[in-house]
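Everything below concerns the one structure shown next.
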Amino acid sequence: MVTIADVARHAGVAASTVSYVLSGKRTISTDTRERVQRSVHALGYRPNASARALASQRSNVLALVIPLRTGMHVPVMMQFATAVVTTARRFDHDVLLLTADEGPDGLERVAQSSLVDALVVMDVELHDERVPVLRELPMPSVLIGYPDDADGLTCIDLDFVAAGAHCVDHLADLGHRSLALLGTPSAVYERQTGFAQRTLTGFVEAAERRGVLGVETPCEHTFDAILHTVEQLLSDHPDITGLVVQNEPIIGPLLDVLRRLGRRVPEDMSLVAICADDVAERQVPQLSSVSIPAERIGDQAVESLIAKLEGGEVPSLTLVPPTLTARGSTCPHGDLTTA
């Protein structure tokens, strides 16, 4: 491991001079500073993280706030968490994962502890009670998701309104006139969680725009609940030929339920999901889907947070455009050829 003494010998200066160059605590001549920086680069020296933190009065730790609530699908959340942790390490930061649902009190507790420098906040609700606290905390934050009142915040998310609309447009373009959204568990809607509410908005608005029937229903995760929900849906609306699914855990069981009810995918029922690509691709048939860009969003959230820590300007709201990939689960209405 290269030490500060090695850098000093290579640059022909005292170790204290190297320290001053790295910390910026004293004025060093341009020639000496550049010579030290060249030596740092040539030797591949990486300052000790704890020493850097002490000098800057920062912990080099980010908090990732993911309250584990009823109806959440943890594997999806962990995809975002993995992206946040991986990108944070690129910037020599560690991540403290906070999963307790403590609301504003939890944010204030963490801020007062001096354990972290900044916050990444997930599972954002339309009227999130954490928002006023985030505006007042003496540390930067980035939200993955965005509330209705996002003034003074930095937010990044998939454009779920557009995602819901893309799914409707895809099915309507294939000639389907009766569609249903199988959404998240009811608890997620009751909390007015942003991603679910905005997908529903996009679905309803697009159905009205295209002049097609668009009904929506929450769906719990158990097989019996999925069977009951689909049976009730088809009993109430027997003409439905297109399903939009925003509920990743039900996808596999849902395909089993449709087979049990004699509805072939895609010949009798076209299905498009909002889910991770790997989930869509391992189904039979492979699902047409809008992908969840967890890696891109997590990466961008951390980059924005680091920029804010360094005093930089970042966009207040970033919406990632959705991408729909047509696979074997959708086809033209009345046509046996998959789209």
Side-chain angles (χ1 to χ4, degrees), residues 64-67 69 71-87 120-128 131 141-150 153-171 181-185 188-189 191-207 216 218 243-251 271-281 287-305 314-327:
L64 175 58
V65 183
I66 312 179
R69 297 164 168 163
M72 289 178 59
H73 186 45
V74 175
V76 172
M77 292 297 185
M78 288 304 103
Q79 291 176 9
F80 286 95
T82 299
V84 168
V85 170
T86 301
T87 306
V120 178
V121 179
M122 293 187 61
D123 200 42
V124 178
E125 299 168 0
L126 295 185
H127 308 288
D128 203 302
V131 164
S141 61
V142 171
L143 286 72
I144 296 180
Y146 64 103
D148 273 349
D149 180 8
L153 303 175
T154 302
C155 307
I156 178 171
D157 206 1
L158 176 66
D159 188 342
F160 281 102
V161 174
H166 277 17
C167 293
V168 171
D169 285 333
H170 176 63
L171 293 169
L181 169 65
L182 286 180
T184 64
V188 178
Y189 288 113
R191 290 196 302 269
Q192 292 196 299
T193 306
F195 75 89
Q197 293 290 340
R198 290 195 168 93
T199 300
L200 176 58
T201 296
F203 174 86
V204 171
E205 290 178 350
E216 67 281 346
L243 291 178
V244 177
V245 182
Q246 187 185 32
N247 192 335
E248 195 169 292
I250 77 167
I251 288 174
L271 189 156
V272 57
I274 301 173
C275 66
D277 280 335
D278 66 315
V279 172
E281 290 169 353
L287 303 185
S288 298
S289 68
V290 172
S291 62
I292 303 293
E295 182 175 354
R296 176 178 175 183
I297 291 173
D299 182 80
Q300 199 161 343
V302 173
E303 288 182 349
S304 296
L305 203 53
V314 298
S316 58
L317 176 61
T318 301
L319 290 180
V320 177
T323 300
L324 190 150
T325 302
R327 300 187 180 92

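Here the rule is side chain to side chain contact (heavy atoms under 4.5 Å, CB included) with F160, and of V290, V320, I292, L200 only I292 fits it. Under the side chain to side chain contact (heavy atoms under 4.5 Å, CB included) test applied with T82, the options V85, T86, V84 reduce to a single match, T86.
Minimum heavy-atom separation, A196 to V188: CB-CG1, 3.9 Å. Of all non-hydrogen atoms in I66 and M72, the two that sit nearest each other are CG2-CE, 4.0 Å. When every heavy atom of Y146 is checked against every heavy atom of V124, the shortest pair comes out as C-CG1, 3.8 Å. Minimum heavy-atom separation, T154 to S141: CB-O, 3.8 Å. Among all heavy-atom pairs drawn from L158 and I297, the shortest one is N-CD1, 3.5 Å. Across all their heavy atoms, V272 and C167 have their closest contact at CG1-CB, 3.8 Å.
With salt bridges taken as basic N to acidic carboxylate O contacts below 4.0 Å, none links D128 and R191.
No donor-acceptor distance shorter than 3.5 angstrom exists from the side chain of Q192 to the backbone of H127, with no hydrogens or angles considered. Put simply, the side chain of S288 gets close to the backbone of R327: a donor and an acceptor are under 3.5 Å apart. Judged purely by atom type and a 3.5 angstrom limit, S291 has no side-chain atom pairing as donor or acceptor with the backbone of D277.
Once rounded to the nearest 0.5 Å, the distance linking CZ of F195 with OG1 of T184 reads 5.5 Å. Note that CG of L271 is 5.5 Å distant from CG of L243, once rounded to the nearest 0.5 Å. Atom CD of Q300 and atom OG1 of T318 lie 5.0 Å apart (nearest 0.5 Å). We find the CD-OG1 distance between E205 and T201 to be 6.0 Å, quoted to the nearest 0.5 Å. Remark: I156 CD1 to L153 CG distance equals 14.0 Å, nearest 0.5 Å. A distance of 10.0 Å separates OG of S289 from CG of D278, quoted to the nearest 0.5 Å.
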Item to check | Test log, rule side-chain contact (heavy atoms from CB on, under 4.5 Å), inputs L126 and R198 | outcome: CA-CA 9 Å; L126 295 185; R198 290 195 168 93; 3.5 Å; yes
Item to check | side-chain contact (heavy atoms from CB on, under 4.5 Å) evaluation trace for V279 with I251 | outcome: CA-CA 9 Å; V279 172; I251 288 174; 4.0 Å; yes
Checklist entry - Given the rule in the side-chain contact (heavy atoms from CB on, under 4.5 Å) test, do N247 and L182 qualify, once you have shown the distances and angles that lead to the verdict? => result CA-CA 7 Å; N247 192 335; L182 286 180; 5.9 Å; no
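Here the side chains of T199 and I274 are in contact, with some heavy-atom distance below 4.5 Å.
Surrounding CD of Q79 are more than 12 heavy atoms belonging to other residues, nucleotides or ligands, all under 6.0 Å away. Counting heavy-atom neighbours within 6.0 Å of R69 CZ, excluding the residue itself, gives a total above 12.
D159 meets the side-chain contact (heavy atoms from CB on, under 4.5 Å) test with V161, A162, L319, P322; sequence neighbours excluded.
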